[in-house]
Amino acid sequence: SQEAAFVTPGGSLHTKTWDRVAVGDVLVVRDGEEFPADLVAIYCSGAGGTAYVSTANLDGETNLKVKEAVDPTQQLVEGPADEEALLQKLVDIKASV
């Protein structure tokens, strides 16, 4: 089973299998990694909070699609250059749906 990187409440990075990922988990997806289509991007490292995503395994299309992080969370997280500070900002976000 494939593993996902997730951020603990303390801001450190660990892994768990995808079947153990739960609603509310903060995941880190890096370039080239596969992930489920139902994730919501709260931060993307690309210009303006964008990421290019391949959906070929879903719809057969080979062109990359631009996905954008949710603007309010992108703005909250932007800034830190080091990964540790970035991870801590991600877990500090408090939100409700």
Side-chain angles (χ1 to χ4, degrees):
S1 178
Q2 199 172 15
E3 291 190 332
F6 75 100
V7 184
T8 66
S12 59
L13 200 57
H14 292 278
T15 60
K16 61 169 82 172
T17 57
W18 280 106
D19 62 336
R20 302 198 52 86
V21 171
V23 172
D25 283 349
V26 176
L27 305 176
V28 175
V29 179
R30 299 191 191 286
D31 186 28
E33 293 180 341
E34 291 187 9
F35 59 91
D38 58 354
L39 292 183
V40 174
I42 58 175
Y43 173 77
C44 292
S45 61
T50 59
Y52 292 91
V53 179
S54 169
T55 60
N57 59 346
L58 294 174
D59 57 18
E61 291 187 27
T62 56
N63 58 322
L64 296 175
K65 301 194 179 41
V66 177
K67 301 295 180 186
E68 294 181 273
V70 178
D71 194 51
T73 56
Q74 177 73 23
Q75 290 179 17
L76 284 172
V77 177
E78 274 183 338
D82 66 290
E83 186 172 88
E84 185 177 319
L86 179 85
L87 295 176
Q88 191 57 54
K89 279 189 147 188
L90 287 171
V91 297
D92 287 346
I93 294 173
K94 305 288 187 247
S96 61
V97 178

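Just so you know, these numbers come straight off a predicted model, no measurement behind them. When reading the values below, keep in mind they use all heavy atoms of this one structure, side chains included, and skip hydrogens, waters and symmetry mates. The first residue in the sequence is number 1, and the count goes up from there.
- Side-chain atoms of D25 never come within 3.5 Å of backbone atoms of L27 as a donor-acceptor pair (strictly under, hydrogens ignored).
- Between L87 and G11, the shortest heavy-atom contact is CB-O, 3.5 Å.
- With hydrogens and angles ignored, the 3.5 Å screen pairs a side-chain donor or acceptor of Q74 with a backbone N or O of C44.
- Considering CD of Q2 and CG of D19, their distance stands at 11.5 Å, rounded to 0.5 Å.
- Linking Ile, Leu, Val, Met, Phe, Trp and Tyr residues whenever their side-chain heavy atoms come within less than 4.5 Å places L13 and Y43 in a single cluster.
- Hydrophobic cluster membership differs between Y52 and V28, with clusters built from Ile, Leu, Val, Met, Phe, Trp and Tyr side chains linked at under 4.5 angstrom.
- Annotation for D31: atom CG does not count as buried by contact number, only 12 or fewer foreign heavy atoms lying within 6.0 Å.
- Under a hydrophobic-cluster definition in which Ile, Leu, Val, Met, Phe, Trp and Tyr are linked whenever side-chain heavy atoms come within less than 4.5 Å, directly or via other members, V26 and V70 are assigned to different clusters.
- Expressed to the nearest 0.5 Å, how far CD of E3 lies from CD of E33 amounts to 11.0 Å.
- With rounding to the nearest 0.5 Å, the separation of CG in L76 from CG in L90 is 10.0 Å.
- Atom CD of E61 sits about 10.0 Å away from atom OG of S54, to the nearest 0.5 Å.
- Heavy atoms only, all atoms of each residue included: V77 and K89 are closest at O-CD, 3.5 Å.
- The local environment of CD in E84 is sparse, with at most 12 non-hydrogen atoms from other residues, nucleotides or ligands closer than 6.0 Å.
- How far CZ of F6 is from OG1 of T15: 7.5 Å, rounded to the nearest 0.5 Å.
- Smallest separation of non-hydrogen atoms from K67 and V53: CG-CG2, 3.5 Å.
- Of the inter-residue distances, the one linking K16 atom NZ with T8 atom OG1 reads 10.0 Å to the nearest 0.5 angstrom.
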